[in-house]
Number of protein chains: 2
Amino acid sequence: MMTDKHVHILQVAEALFADKGFDGTSVRDIAGQAGVNLAMISYYFGSKEKLMAALVEYRSNYTRGLLEELNKDESLTPWDKIDRLIDLYVDKILNNYKFHCIMTTHLPTIQSGDIKAMITDIKAKNYEEVKKIIQEGQKKKVFRKVDIELSVGSVMGTITHTTLSKSLYCRLLNIDCNDDELYRKKMIPKIKTHLKQLLRAHLDIKNQE
Amino acid sequence: MMTDKHVHILQVAEALFADKGFDGTSVRDIAGQAGVNLAMISYYFGSKEKLMAALVEYRSNYTRGLLEELNKDESLTPWDKIDRLIDLYVDKILNNYKFHCIMTTHLPTIQSGDIKAMITDIKAKNYEEVKKIIQEGQKKKVFRKVDIELSVGSVMGTITHTTLSKSLYCRLLNIDCNDDELYRKKMIPKIKTHLKQLLRAHLDIKNQE
DNA sequence: TTAACTTAAACAAACGTTTAATTAAAGAAA
DNA sequence: TTTCTTTAATTAAACGTTTGTTTAAGTTAA
């Protein structure tokens, strides 16, 4: 059972893991910052690794639902779906960038194969949903032939890059690196515009060569 | 002074950091795998963090030289330069992906501000070189107006994504995840083709809307 | 009264670093 | 070359912390 206290601990752990990494965060850090006794973490989750697994599961159930919903909507054109897809991912990642940092950067360092397989599963399933959108566009002769795996990779990679190289973009755009709110406010529309322009050129069947 | 032994330790540390992260790798691990005494790491580099700084410097001097050389070559058209740029980065990152993993994923977890600033500096300088290429193409009316920062980000992000989500791509392409050689052999041409197609559509002034 | 929750304290193991003793190498004087 | 001296390189052992986890006693709520 997941009480409010469980969730609170997960949220604190999330912020710490994102900031200092899995190994760089001690169970004492988490307990201290969450205001609970040290032993509660083991009592609640079993171990530090299982806490991580619980965090991943807690955060990952949400996205797939949104993707499946988007795919089912038959009133949308393929171009509409691409635009919504970009909006969805940019918002999701930049607004939960702490969790996203963990998923992309810190999880590979975890030695537990179980958790790694779990993540790959989640990514693969989300990828399949996006693939359907592109294939539908190709079937309707709106999109041209492209490398689907890497087209998805370019979208994900671009967004990830803006979270991983945040300090670089802050410097390029003259933003104070500690002002998260401002960074999101400036970057979210910028990334959306760029990705939509990029994919419009990339997918348009009129740009066939 | 950098002896062969220094370099050997750096290479061992690089592989371990890439695999298990900075905090996840102990100085004892490094010493053991490198076949040197534990105390030698402190004796040679001063501390674990300074070893990391030495590693970054050792690996980073190379790339900028290549970029500057590419930019000076006036016999190349902007499209040629884009193609060479992609070849350069894809080869560089996939062939040194261990180091690249450290740069992108593990370094943000290091608490030392000095090293972080060092990395941001390196990235910013490399970015400036790429920016010059795109601006030259725009000046010659070959490239259209695009978001330069994020266009570079899409290239870097795509390549990074293939190293960070290696296990996902292995599954999608039915490759044994442990066979690094095969992964590189299949992915390098695949990424190059995709990125060249992507940028051709993205940058071409004829696709102006 | 029973079960779930919470705690302070203790556990052994692993951590990065330092110490002090020893060996190897290099240079100068014989 | 040989011997002596000085510096550098290397080592095993120990340092004091911090790590994740467990224990056993205590509290709360049903």
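Protein chains get the first letters and strands the later ones, always in sequence-line order, with residue 1 at the start of each.
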**Item:** Sugar-phosphate, base or nothing in reach of B:S42, heavy atoms under 4.0 Å
**Value:** base

**Message:** Please verify the inter-ring angle class for B:Y44 with B:H6; under 30° counts as parallel, over 60° as perpendicular, anything in between as tilted.
**Reply:** parallel

**Message:** Going 5' to 3' along DNA chain D, between which two nucleotides do contacts with chain B fall, using a heavy-atom cut-off of 4.0 Å?
**Reply:** D:dA8 to D:dA14

**Request:** Check every strand shown and say whether B:T25 touches a base, only sugar-phosphate, or nothing at a heavy-atom separation below 4.0 Å.
**Result:** sugar-phosphate

**Message:** Taking the side chain as everything from C-beta on, heavy atoms only, tell me whether A:L198 gets closer than 4.5 Å to B:S154.
**Reply:** yes

**Complete:** Distance col, row A:R64:CZ vs A:E69:CD, nearest 0.5 angstrom, shows 14.0 Å

**Item:** Toward the 5' end of DNA chain C, by each residue's nearest nucleotide, A:Y44 or B:V27
**Value:** A:Y44

**Request:** Identify, between A:G35 and B:A39, the residue whose nearest nucleotide on DNA chain C lies closer to the 5' end.
**Result:** A:G35

**Prompt:** How is A:K50 classified with respect to the nucleic acid when contacts are heavy atoms under 4.0 Å: base, sugar-phosphate, or nothing?
**Reply:** nothing

**Request:** Assess the side chains of B:T120 and A:S167: does a donor N or O sit below 3.5 Å from an acceptor N or O?
**Result:** yes

**Message:** Without decimals, in angstroms, what is the distance between A:I41 CD1 and C:dT7 C1'?
**Reply:** 13 Å

**Request:** Round to the nearest Å and state the distance from B:D23 atom CG to C:dA14 atom P.
**Result:** 17 Å

**Request:** Output every pair passing salt bridge (Lys or Arg N to Asp or Glu O under 4.0 Å) with a member in residues 87-96 of chain B, not counting sequence neighbours, ordered by first then second residue.
**Result:** B:D87-B:K192, B:D87-B:K196, B:D91-B:K192

**salt bridge (Lys or Arg N to Asp or Glu O under 4.0 Å) partners for A:E49, two or more places apart** = none

**Request:** Please tell me which of B:R28 and A:G24 maps to the more 5' nucleotide of DNA chain D, matching each residue to the nucleotide holding its nearest heavy atom.
**Result:** B:R28

**Asked** Looking just at side-chain N and O atoms, do B:H202 and B:S151 make a donor-acceptor pair shorter than 3.5 Å?
**Response** yes

**Between C:dT18 (P) and B:M40 (CE): distance, integer Å** = 15 Å

**Request:** Check every strand shown and say whether A:L38 touches a base, only sugar-phosphate, or nothing at a heavy-atom separation below 4.0 Å.
**Result:** base

**Asked** Can you find a side chain N or O atom of A:Y43 that sits less than 4.0 Å from OP1 or OP2 on C:dC5?
**Response** yes

